[in-house]
Amino acid sequence: MRSKIVVANWKMNKDLHEGLQLAARVIQMLGNRANRSAQVILLPPFIHLDAIRKLLPKSGSLHVGAQDCHVHAYGAFTGEVSAPMLRSVGATFVLIGHSERRQHLGEHSALLTQKVTTALLHGLRPIFCCGESQQVRTAGHQESFVQKQLAAGLFHLSAGQIAQVIIAYEPIWAIGTGSTPIPTQVQAMHYAIRSTIASRYGEEVSQNIPILYGGSCNAENALCFFVCPDVDGGLIGKASLEAVSFVSIVDALE
Ligand code: PEP
């Protein structure tokens, strides 16, 4: 059975004090629920990782990860943070290919392909983001666009490696805008993503890969996405910055 997963992408929000408060509240609220089935991954800014990881219960369904990692493991790359550094502070996941980094920081497919490899080599599970612009959707080319992103970013991996990957479908036009696709559009894209993985790696591998929806997902609308058969959870931006709304989203998945 596929894992159910909710990821909190805090982006460049919360100073250390605020971040620790938010994490502590989320941990406390989730800790009060028995039989939790969803995995919850917090992606705070780099500088919070060590302190937040220390707040987490030793074992269980709560994890920390990073919002990015450098393509190289070490070296003269001023200001950058590498996968082994992230592992050393307890991160076990890393977001790769978020559209904000593709758009504003010029991260292109060839770089993302290498980042995925670097992350896996150093023990981080990639959360690989894909998704189309409004222009691509208006033209009706969203599925072929996303299929190309997947092929470029992931198809160099072995079947064993891709089994470690989580895919997040995030239409760019839905991120931070309050607009979302309707659930049937989300299901259609998730089905297309799973079929694309199946065409390269076979049915069994594709059935085990978690595919998350992201883009203005919140406490009010999460359930209508989570009931779609190929949606295994969510990647949450704005609504992850407040504990009650974030935990409501986790509840909607369980
Ligand atoms: C995101 O940036 O990954 C995201 C999903 O943001 P929001 O939930 O704010 O749309």
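Just so you know, these numbers use all the heavy atoms, side chains as well, and skip hydrogens, waters and symmetry mates. In listed order, ligands and their atoms are each counted from 1.
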Residue, atom name and distance, where the atom is the protein heavy atom closest to atom 5 (C) of ligand 1: Glu170 OE2, 3.0 Å
Please list the nearest protein heavy atom to atom 2 (O) of ligand 1 with its residue and the distance rounded to 0.1 Å. Lys11 NZ, 2.5 Å
If you count the atoms of ligand 1 from 1 in the order shown, which ones are under 4.0 Å from a heavy atom of [X]?
X      : result
Gly215 : 5 (C), 10 (O)
Lys238 : 7 (P), 8 (O), 9 (O)
Ser216 : 7 (P), 8 (O), 10 (O)

Is atom OH of Tyr191 surrounded by more than 12 heavy atoms (other residues, nucleotides or ligands) closer than 6.0 Å? no
Are there over 12 heavy-atom neighbours, none belonging to Gln185, within less than 6.0 Å of that residue's CD? yes
Is the closest side-chain heavy-atom distance between His72 and Thr118 below 4.5 Å? no
Using a 4.0 Å heavy-atom cut-off, say whether Ile175 meets ligand 1 through its side chain, its backbone, both or neither. both
Best match, Gly176, Ser99, Gly237, Pro171: closest heavy atom to atom 10 (O) of ligand 1: Gly176
Are a donor atom and an acceptor atom from the side chains of Gln149 and Tyr169 found within less than 3.5 Å of each other? no
May I ask you to check whether Trp173 and Glu132 show a side-chain donor-acceptor distance below 3.5 Å? yes
For residues 87-100, which residue pairs qualify under salt bridge (charged side-chain N to carboxylate O under 4.0 Å, His left out), counting only residues two or more places apart or in two chains? Lys11-Glu100
